Amino acid sequence: MNTQPALQSALSAYGLYGGCLLPDVESAEPEIPIDLGSAAVRRGRGPLATILRRKNLYPLFQPIASLCDGAIYAHEALIRGPEQTAFHSPDALLRAAEHENLNFEFENQCVLLGIERWGALGEPGRLFLNISADVLQQVLKQCGCDILVGLAKAYGVSLRMLVLEITEYERVADMDYLAGAVQDIRAAGVSLALDDFGDGRSSLRLWSQLKPEFVKIDKYFTKAISQNADKLKTIQALQQIAAVFDTSLIAEGIETEDDLRVLRDLGLPYGQGYLLGRPARLPYAQIQPKARVVIHDHTVAVFPELRRAANAGSISRLAVNKAPTVGLKATNDELARLFFDQPKLHAVAVLDGTRPVAIINRTAFMNEYSKLYYREIWGCKSCMLHANLDPRIIERNHNVDELVGILTSEDQRYLTDGFIVTDNGRYEGLGTGDQLVRSVTETRIEAARHANPLTYLPGNIPISQHIERLLARGVGFVACYADLNNFKPFNDQYGYWRGDEMIRLLAKLCQAHCDPRCDFVGHVGGDDFILLYQSDNWQTQCESIIAEFASQAINLFDEPARAAGGIQADDRYGVPRFFPLTTLSIGAVKINHNEFTNAEQVASMAARAKHDAKTSDKGLVVRTSAELSA
């Protein structure tokens, strides 16, 4: 097929830049013009100009795959310079382009090479082509999208199979123009992608304005995601944004099987990275075998959890009394009338404009005001005489950890006076000690549902979420419920400090005998733990936990107790009796996903198995759902 006329027509647009060196019109196949008509390339004496003149650039192709089934979805064209030279890597080429002021010429040459090679290979799939936002704007301002349409037709590449991957968009000076200009490209059938989103230069506004079909997540957020809960939470947030803008996310930089499994289970539609396939001269027919195995296996990834107590949360839900205030010039009589009118008002804030500067306690003030002759002598004087000039002022978005200091402060005025709540520095109302205690308690309980503050292991909510994921994936697993025998007498005898040591010992052993890639350890609370095994050797691991706990927990008892094999303590009815040394029981139930619809059912079955284990004195008791339901 003679594509020369179409190619000439397409490249003629570059006459706006000073003329274009067209290929030989009698050639059977089109050739890439050596400098896109740029005098800078012809006259350039730098290494990149020489490379462009000699046509020493060539494209490689890296696969972009579906993380659902592993199928190749697209390829990205990546440019390389002469092999065995300092300009082989793309970073070196980009630095040279910047230094020689050849960004426009270099990037367009890369696009042309990618399209030309893709067309020559006759590949049917999608092709991602990198172009900086600045160069794309130059092309669109000078010749619209005609040049891209002409090139695609000349080389037999479908426009609907092209994706322009916009890079370095932090330099965009006129986002409104770019957003409007790319509509012609999209109307022609070409899709858009944003590259390296989240690398610190990305723009949520540009995402909103361009509404690209694809956004590539920077490899910083995918590298070691299987071990980093913060990165996982970030990607989950990006997924919510992508749903709003109807954008498909592509996870870049996938290099390990563990990271791939987590990204797959997060529901990321596409991925790219060395594990799936390194850049190569020819497109891939399928991704690498290791990646295929991960995508097609049924093992559910264990999402990383924050190994610290969950944030206690802000006080935004704390009940605030919309109490009236007084100014700096208020008199004692004026303050007294306010307290008389508001009999339930425990204190009053003093404001300097909208800014609180002091607080006056009702009881302390009224005790003085009711004294003989006080009103006659001091009634018209400033009420600031009775003010606490160092009030505790709390912003609405402060977390509860900052409020705990009020409860533990040596200055107990803060419990009686309460504290002043502000919103962005402006007075909002008053809080009381009772409200504070209630708020701290509620937020601590809520935090413990996410991460246990003693062991930092996942709490009830992450446990339920992981069970739901296991059931949704349709995999078989084993739910184990671990509980200590005779722990209460031990805790009563030796105190909570040593009791906490025993619980931490159990947590450590559970973690040591679980594969963190596929087995989940959660702390329900107290001495109750949940283990969700996908490993085949789960029974051996449970038996090891029981045995090692028995050998190590004995060291937490005093020597007389170890010699006697237990301790004398009161039972729950207050009757003294002998309790053997603390041991561990584990009830295990094999879960078939077809028999359960939610996490509550699984937890209930595991609890029944635990009950059987504690009453049998066997250590480990294994049950089936049929046995427990009978």
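Keep in mind it's a predicted model, so treat the numbers as computed, not measured. No hydrogens, no waters, no symmetry mates; every other heavy atom, side chains included, goes into these values.
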With a 4.0 Å cut-off on N to O distance, would you call Asp246 and Lys211 a salt bridge?
no
With rounding to the nearest 0.5 Å, note down the distance linking CD1 in Ile463 to CG in Leu457.
8.5 Å
Just to verify, what does Asp352 make a side-chain hydrogen bond (donor to acceptor under 3.5 Å, both in side chains) with, not counting sequence neighbours?
Arg355
With a 4.0 Å cut-off, would you call Glu255 and Lys223 a salt bridge?
no
Closer than 3.5 angstrom, by distance alone: can the side chain of Gln534 be matched with the main-chain N or O of Cys518 as a donor-acceptor pair?
yes
Report the C-alpha distance between Ile359 and Asn361 in whole Å, list the side-chain angles of each, state the deciding distance to 0.1 Å, and finish with yes or no for side-chain contact (heavy atoms from CB on, under 4.5 Å).
CA-CA 7 Å; Ile359 193 169; Asn361 180 271; over 6 Å; no
Is there a side-chain contact between Leu471 and Ile591, using heavy atoms and a 4.5 Å cut-off?
yes
Considering only heavy atoms from C-beta outward, does the side chain of Pro212 approach that of Val215 to under 4.5 Å?
yes
Only one of Leu351, Val348, Thr331 passes side chain to side chain contact (heavy atoms under 4.5 Å, CB included) with Val326; say which it is.
Val348
Between Leu532 and His466, is any pair of side-chain heavy atoms under 4.5 Å apart?
yes
Donor-acceptor contact present, side-chain Glu395 to main-chain Gly425, <3.5 Å:
yes
Looking at the rings of His386 and Tyr374, which for Trp means the six-membered one, are their centres under 6.0 Å apart?
yes
Please test Phe520 against Leu470 for side-chain contact (heavy atoms from CB on, under 4.5 Å), starting from the C-alpha separation and ending with a verdict.
CA-CA 11 Å; Phe520 182 97; Leu470 289 166; over 6 Å; no
Please check this pair: side chain of Ser208 against backbone of Leu204, looking for a donor-acceptor N/O pair closer than 3.5 Å.
no
Phe214 CZ to Leu192 CG distance, which is reported to the nearest 0.5 Å:
10.0 Å
Using side-chain heavy atoms (C-beta onward) and a distance below 4.5 Å, is Gln272 in contact with Ile254?
no
Answer with yes or no whether the side chains of Asn485 and Ser585 bring together a donor and an acceptor at under 3.5 Å.
yes
As an exercise, state the distance from CG of Leu232 to CD1 of Ile225, rounded to the nearest 0.5 Å.
5.0 Å
Pairs flagged by salt bridge (Lys or Arg N to Asp or Glu O under 4.0 Å) wherever residues 516-528 is involved - sequence neighbours left out
Asp515-Arg517
Kindly say whether Ala179 contributes a backbone atom to a donor-acceptor pair with the side chain of Gln183 at under 3.5 angstrom?
yes
Closest approach of Pro324 and Leu338, non-hydrogen atoms and distance?
CG-CD1, 3.7 Å
For the side chain of Asn388 and the backbone of Asp390, is there at least one donor-acceptor N/O pair under 3.5 Å apart?
yes
How far does CD1 of Ile217 sit from OG1 of Thr222, to the nearest 0.5 angstrom?
8.0 Å
Taking the side chain as C-beta and beyond, is there a heavy-atom pair between Gln465 and Glu468 under 4.5 Å?
no
Rounded to the nearest 0.5 Å, the CG atom of Asp483 sits from the CZ atom of Phe529 at a distance of 10.0 Å
Test side chain to side chain donor-acceptor pair (under 3.5 Å) applied to Ser226 and Asp259, step by step:
CA-CA 5 Å; Ser226 58; Asp259 290 344; 2.9 Å; yes
Are Arg205 and Asp176 close enough, and set up right, to give a salt bridge (Lys or Arg N to Asp or Glu O under 4.0 Å), and what steps lead you there?
CA-CA 10 Å; Arg205 176 185 167 186; Asp176 293 332; 3.2 Å; yes
Ignoring hydrogens and angles, tell me if any N or O in the side chain of Arg362 forms a donor-acceptor pair with the backbone of Leu345 under 3.5 Å.
yes
Salt bridge flag under 4.0 Å for residues Glu501 and Arg498
no
Start with the C-alpha distance between Phe419 and Leu430, add both sets of side-chain angles, then the distance that settles side-chain contact (heavy atoms from CB on, under 4.5 Å), and finish with yes or no.
CA-CA 6 Å; Phe419 51 92; Leu430 297 179; over 6 Å; no
Measure from NZ or CZ of Lys231 to the centre of the six-membered ring of Tyr220, then state whether that distance is under 6.0 Å and the direction lies within 45° of the axis.
yes
Does Cys383 reach the side chain of Ile360, with side-chain heavy atoms less than 4.5 Å apart?
yes
Main-chain N/O of Thr247 paired to Glu213 side chain as donor or acceptor, under 3.5 Å:
no
Could you check whether any side-chain N or O of Arg392 sits under 3.5 Å from a backbone N or O of Ile420, counting only pairs where one atom can act as donor and the other as acceptor?
no
Are more than 12 heavy atoms from other residues, nucleotides or ligands located less than 6.0 Å from atom CD of Glu600?
no
Salt-bridge present (Arg261, Asp265; N to O < 4.0 Å)
no
Would you say Thr422's side chain and Asn424's backbone share a donor-acceptor pair under 3.5 angstrom?
no
Could you check Phe197 against Phe221 for ring-ring contact (aromatic ring centres under 6.0 Å, His included), going step by step and ending with a plain yes or no?
CA-CA 10 Å; Phe197 194 89; Phe221 293 103; 8.9 Å; no
Please round to the nearest 0.5 Å and tell me the distance separating atom CD1 of Ile166 and atom CG of Leu206.
6.5 Å
So which heavy atom on Val521 is nearest to which on Pro458, and how close?
O-CD, 3.3 Å
Quick one: does any side-chain atom of Tyr494 pair with a main-chain N or O of Asp558 as donor and acceptor, under 3.5 Å?
yes
Pair Leu531-Cys514, side-chain contact (heavy atoms from CB on, under 4.5 Å): steps then yes or no:
CA-CA 8 Å; Leu531 299 88; Cys514 284; 3.7 Å; yes
Write out all pairs satisfying salt bridge (Lys or Arg N to Asp or Glu O under 4.0 Å) with one or both partners inside residues 324-348, taking only residues at least two apart or from two chains.
none
Below 4.0 angstrom, N of the basic side chain to O of the carboxylate: do Arg562 and Glu559 qualify?
yes
Using the six-membered ring of Phe303, assess whether NZ or CZ of Arg469 lies under 6.0 Å from its centre and within 45 degrees of the ring axis.
yes
